[in-house]
Structures are given as structure tokens and as C-alpha cells.
Amino acid sequence: MEKSGWSTNPAPGVGDGRALVVEILITFVLVLVVTAAATDKRFPAPVAPVGFALAAEVFIGGPSDGAAVNPARGLGPMIVAGSFSGWWVSLVGPVVGGVLAAVLCDRFIRRGRPSAVEQVSMARVADSGQARSRRVL
């Protein structure tokens with residue numbers, strides 16, 4: 001495959017299938033870490049794990065397929081460079097990886113329990129309902 005300096009096409013010798021697997025895996029890891037950091041109270045400082053995950057993904061996925069992780073990040077440079085080989089990898093890989101990570105987080109990590117964000121939101125709604133009922137009485 002042809003490699004442009006501006007686009008995120010798979011590197012020479014890396015087929016579309018391998019690039020797809022890399023994109024799925026690196027997006028899966030990033031979305032899982034971001035989702036867990038944003039919704040789990042056990043993360044004291046969510047910025048560090050997210051930054052580390054993103055850096056690791058760039059080092060792992062960069063040499064093989066450009067580490068798009070985001071369809072816009074993958075397709076934008078391809079459009080500007082006019083090099084569209086492997087375009088579907090930058091579209092399908094991140095979507096599949098993101099959906100798999102979201103499902104894993106919801107079904108197995110949180111086990112269907114409301115996230116910390118949802119708990120705070122529900123508490124605010126309950127508090128506002130109690131405040132309204134007090135005003136009526």
C-alpha cells in the first residue's frame with residue numbers, strides 16, 4: 001500500500017486486516033480507560049490514565065497504521081492528501097473498538113449499576129423534587 005506522509009494509511013507491508021485489528025484494539029483501550037475514568041469513583045485523578053493510554057496507543061499503532069483512534073482523525077488527513085487506500089479501516093476500527101469497550105464497561109465492570117455521574121444526577125433530581133414538595137406544603 002502507498003504511504004503518504006500526511007495520511008493515516010497502513011504502513012507498507014501492513015494489510016488492511018492487521019490495521020483493522022490494531023485500530024480496534026487501540027480504540028478499545030482508549031474508550032475503556034476514558035469511560036472508566038469518567039464514570040468510576042475509584043479513579044482519583046482521571047487525567048493520568050487517559051494520557052498514558054493515548055501515548056501508549058500512539059507508540060503501538062502509529063508505526064503500523066497511523067493510530068487514528070478517531071474516524072475524523074483518520075479520514076481528514078486522507079482527504080487532504082488525496083490518498084484513500086484503507087479508508088474503511090479508519091472508519092470501522094474505531095467504531096467497533098468503541099462499541100466493544102462501552103459494552104464491556106457497562107455489562108462487566110459496572111454490571112448495569114448506575115455510574116458515578118448518573119448517581120449524582122439522580123441525587124440532584126431527587127433533591128430538587130424534595131425542595132419543590134417542601135415549597136408546596
Side-chain angles (χ1 to χ4, degrees):
M1 291 193 174
E2 151 189 347
K3 176 84 171 165
S4 169
W6 296 100
S7 64
T8 53
N9 293 330
V14 177
D16 285 349
R18 182 176 293 174
L20 179 66
V21 170
V22 169
E23 280 296 321
I24 289 171
L25 289 175
I26 64 178
T27 305
F28 174 83
V29 169
L30 181 64
V31 171
L32 186 64
V33 169
V34 167
T35 303
T39 62
D40 197 336
K41 293 178 184 177
R42 294 175 289 185
F43 274 86
V47 175
V50 172
F52 178 74
L54 187 58
E57 291 166 4
V58 169
F59 287 127
I60 292 169
S64 65
D65 72 337
V69 183
N70 176 348
R73 162 64 185 88
L75 295 174
M78 284 183 186
I79 292 169
V80 171
S83 175
F84 298 102
S85 63
W87 65 269
W88 65 275
V89 172
S90 294
L91 185 64
V92 174
V95 171
V96 170
V99 168
L100 288 174
V103 168
L104 175 85
C105 186
D106 185 53
R107 299 287 184 237
F108 297 104
I109 295 174
R110 288 185 11 213
R111 294 186 195 112
R113 293 183 305 243
S115 69
V117 175
E118 292 168 335
Q119 289 173 357
V120 169
S121 177
M122 288 187 293
R124 286 183 181 163
V125 169
D127 289 343
S128 68
Q130 290 174 356
R132 274 191 231 126
S133 65
R134 284 185 209 136
R135 279 187 239 141
V136 172
L137 296 175

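One is the number of the first residue; the rest follow in order along the sequence.
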Inset, instruction - Applying side-chain contact (heavy atoms from CB on, under 4.5 Å), run through F28 and L104 and close with a yes or a no. - result: CA-CA 10 Å; F28 174 83; L104 175 85; 3.6 Å; yes
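L91 has its side chain within reach of P71: a pair of non-hydrogen atoms, C-beta onward, lies under 4.5 Å apart.
Sorted by first and then second residue, the side chain to side chain donor-acceptor pair (under 3.5 Å) pairs with a member in residues 88-101 read D16-W88; sequence neighbours excluded.
When every heavy atom of L32 is checked against every heavy atom of C105, the shortest pair comes out as CD1-CB, 4.0 Å. Minimum heavy-atom separation, M78 to G74: CG-O, 3.4 Å.
Applying the under-4.5 Å side-chain rule to Ile, Leu, Val, Met, Phe, Trp and Tyr, the cluster around V31 consists of that residue alone.
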Do any side-chain atoms of residues 18-27 form donor-acceptor pairs under 3.5 angstrom with protein atoms, and if so which ones, sequence neighbours left out?
| residue | atom | partner | partner atom | Å |
| --- | --- | --- | --- | --- |
| E23 | OE1 | V69 | N | 3.0 |
| E23 | OE2 | A68 | N | 3.0 |
| T27 | OG1 | E23 | O | 2.8 |

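For L54, the side-chain contact (heavy atoms from CB on, under 4.5 Å) partners two or more places apart in sequence, or in a different chain, are L30, E57.
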